[in-house]
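First up is the structure itself, then whatever we jot down about it.
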Amino acid sequence: MAHDLVIVANRLPVDRVTGRDGETTWRRSPGGLVSAIEPVMRAGDGVWVGWPGGTEQHLEPFEIDGLHLVPLSMTAEEITEHYEGFSNATLWPLYHDVVAKPEFHREWWDAYTRVNERFAEHAAELAAEGATVWVHDYQLQLVPQMLRERRPDLRIGFYLHIPFPPAELFQQLPWRRQILEGLLGADLIGFQLPGAAQNFVRLVRQRVGHKTHRDRVHLPDGREVRAAAFPISIDAAGFEELASSEPVAERAAAIREALGNPRKIFLGIDRLDYTKGIHARLRAYGELVRDEHFSVEDAVFVQVAVPSREQVEQYRILRDDIDRLVGRLNGDLGRIGRPAISYLHSSYPREEMAALYRAADIMVVTPYRDGMNLVAKEYVACRIEEDGALVLSEFAGAADELRQAWLVNPYDINGMKAALLDAYRAEPKELSRRMKAMRKQIAQHDVKAWADSFLTSLADDGADTDARDS
Ligand code: GDG
């Protein structure tokens, strides 16, 4: 069947669940992206192509809550080389300021190309004449051009969820030109921040030699590609509603109680990833306790580290590093029944996340580099009483919008200590002034507005070109 809207993303928005009888079924994974796109998908008879996780082959298309999903299988070797290798051990560190050293392997690149080709083939088969195809993220940067070669009639949009690096770093990539040309197959390329879009346009001028003017690239065949910022957001109303519910309020109180009702609770929630600056923030907190700015009775740190990419070596090393640091800090600073850090290496349901956001007085988000960081926005949306402090890295995309946070440089431990202490000591009036402003920003710029603005822009640019052509 042909569809007017095709979403192409590395993962399908579902998780596999195995019941007691051993039978496996699918459950929709909660996520801002799918809820934002859902109305458009329904209206346009949309379909979503992606990998469902695992190595099962020959999966049939299926429907869940009225959404059409087309699973694309990957072999164990493709998972190792395309997903864990080229996507997560080459591109991910390269695009995040080389916080870890990117690895370059030619066989990983071959697998990346092959998998991208398969995604493009599927999308080409599913799209109706003149349909819109929206491709997502760094795992699929070759898909736009591969798709255009097969289906020049389509409107193709691409959105990058992570940063796009400056030319000085991108240049290291042996396949830099292929990636740029792959992306140029799209009509509209969306980035989190204007700086990323500018990095891309500059690289296209330097490396591919196309003419550019502001946010537009002019291709020799007369086609135009636009590169612009569309900062992603969250389902703000959904989070607010969840945070206002009775069970979540009760759970938040129970969490405080279980922690011994300290004066203040610091909270970090991240995928266990070396870009997120978990180590630095725990060190800063530990030094504040050691220097007796507050005691472990006054202030505890809850750190949720969601297991992530556990087959990739850098992530295993990171896990050991954090385990060691937490053990040392708790050994040095904790008392009986009073660890300084409550460290949870696990993932939780959305309700528990909302309860943690409500329970925490100071949310600490300190990535070395982050495309946006939705956790920071979710915390703000859950602070329905307009209190609580956000300590936020300048290097998270979210810092562009959440100007009233305590902004920090995560490489500067003393600066971070000062900000944590300042947030700890802040008066209620100060907290509410800052939180009100941030809540207004998030309410006005939610994920629905983000998706609408990208898709409208993609459609309008097409209309402009058609008008010029006629
Ligand atoms: C990439 C970019 C960009 C986390 N733990 C649990 C859980 N989560 C949810 C959070 C949040 C999401 O996962 C994490 O999003 P982030 O934006 O913080 O970070 P990345 O995973 O690195 O996301 C990032 C994003 O894409 C979107 O474009 O902002 O910069 O790196 O929504 O709530 N959800 C549940 N249980 C958990 O334990 N249910």
Side-chain angles (χ1 to χ4, degrees), residues 9-11 13-15 27-37 87-88 91-97 99 134-140 158-165 190-193 195-196 229-236 238-239 242-243 248 267-278 302-309 312 315 318 343-358 360 363-382 390 392-402 442 445-447 450-451 454:
N10 183 59
R11 281 301 303 262
V14 286
D15 293 311
R27 188 184 47 206
R28 242 181 79 174
S29 44
L33 187 58
V34 57
S35 49
I37 298 173
S87 299
N88 288 328
L91 293 173
W92 180 269
L94 181 69
Y95 282 29
H96 286 89
D97 280 4
V99 173
W134 191 1
V135 184
H136 287 264
D137 229 359
Y138 62 104
Q139 304 92 348
L140 301 176
F158 180 90
Y159 188 77
L160 185 69
H161 290 254
I162 68 174
F164 192 82
F191 298 88
Q192 300 278 18
L193 299 182
F230 296 84
I232 200 168
S233 194
I234 56 161
D235 174 11
F239 269 98
L242 190 62
V248 167
L267 174 66
I269 299 185
D270 315 77
R271 267 188 315 97
L272 187 47
D273 194 297
Y274 51 77
T275 59
K276 302 287 184 183
I278 301 171
V302 177
Q303 176 65 52
V304 176
V306 183
S308 179
R309 307 175 190 169
V312 181
Y315 288 76
L318 173 75
Y343 178 61
L344 306 157
H345 180 250
S346 180
S347 72
Y348 293 94
R350 247 165 69 91
E351 292 70 20
E352 183 72 0
M353 302 273 292
L356 282 163
Y357 290 139
R358 271 206 74 171
M363 184 81 214
V364 193
V365 181
T366 55
Y368 294 119
R369 182 61 69 191
D370 213 332
M372 177 54 64
N373 196 292
L374 298 181
V375 164
K377 291 188 169 181
E378 289 165 7
Y379 177 70
V380 169
C382 287
L390 174 64
L392 178 61
S393 164
E394 293 165 21
F395 306 132
D400 269 30
E401 291 172 77
L402 303 176
I442 303 286
H445 300 90
D446 67 357
V447 71
W450 166 79
F454 185 89

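Just so you know, ligand 1 is whichever comes first in the structure, and atom 1 is the first atom listed for that ligand.
- By the criterion of a heavy-atom distance under 4.0 Å, the side chain of W92, and not its backbone, is placed next to ligand 1.
- Here V306 has side-chain heavy atoms under 4.0 Å from ligand 1, and that is the only part of it that gets that close.
- Among R271, H136, H161, R350, the residue whose heavy atom lies closest to atom 22 (O) of ligand 1 is R271.
- Between F239 and Y357, the ring-plane angle classifies as perpendicular under the 30° and 60° cut-offs.
- Looking only at side-chain heavy atoms (C-beta outward), R309 and D273 come within less than 4.5 Å of each other.
- Which parts of ligand 1 touch G371 is read off a 4.0 Å heavy-atom cut-off, strictly below it: atoms 30 (O).
- Exactly one of H445, K377, M372 qualifies for a side-chain contact (heavy atoms from CB on, under 4.5 Å) with I232. That residue is M372.
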>> Between Q303 and D270, does the side chain to side chain donor-acceptor pair (under 3.5 Å) criterion hold? Intermediate values first, please.
In response: CA-CA 8 Å; Q303 176 65 52; D270 315 77; 2.9 Å; yes

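- Among E378, M372, K276, the residue whose heavy atom sits closest to atom 19 (O) of ligand 1 is K276.
- Within the 4.0 Å heavy-atom criterion, the part of I232 lying near ligand 1 is the side chain and not the backbone.
- Note: no N/O pair closer than 3.5 Å links S347 and ligand 1 by distance alone.
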>> side chain to side chain contact (heavy atoms under 4.5 Å, CB included), that's the test. Do L242 and E351 meet it? Break it down for me.
In response: CA-CA 7 Å; L242 190 62; E351 292 70 20; 4.1 Å; yes

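- Counting only non-hydrogen atoms, the option in K377, R369, M353 that gets closest to atom 9 (C) of ligand 1 is M353.
- Using modelled atom types, no side-chain atom of D137 and backbone atom of Q139 make a donor-acceptor pair closer than 3.5 Å.
- Residue contact check: Q192 has heavy atoms under 4.0 Å from atoms 3 (C), 28 (O) of ligand 1.
- Under 4.0 angstrom from ligand 1, there are no non-hydrogen atoms of E352.
- When each of F164, F191, W450 is tested with Y159 by the rule ring pair (Phe, Tyr, Trp, His ring centres under 6.0 Å), just one qualifies, namely W450.
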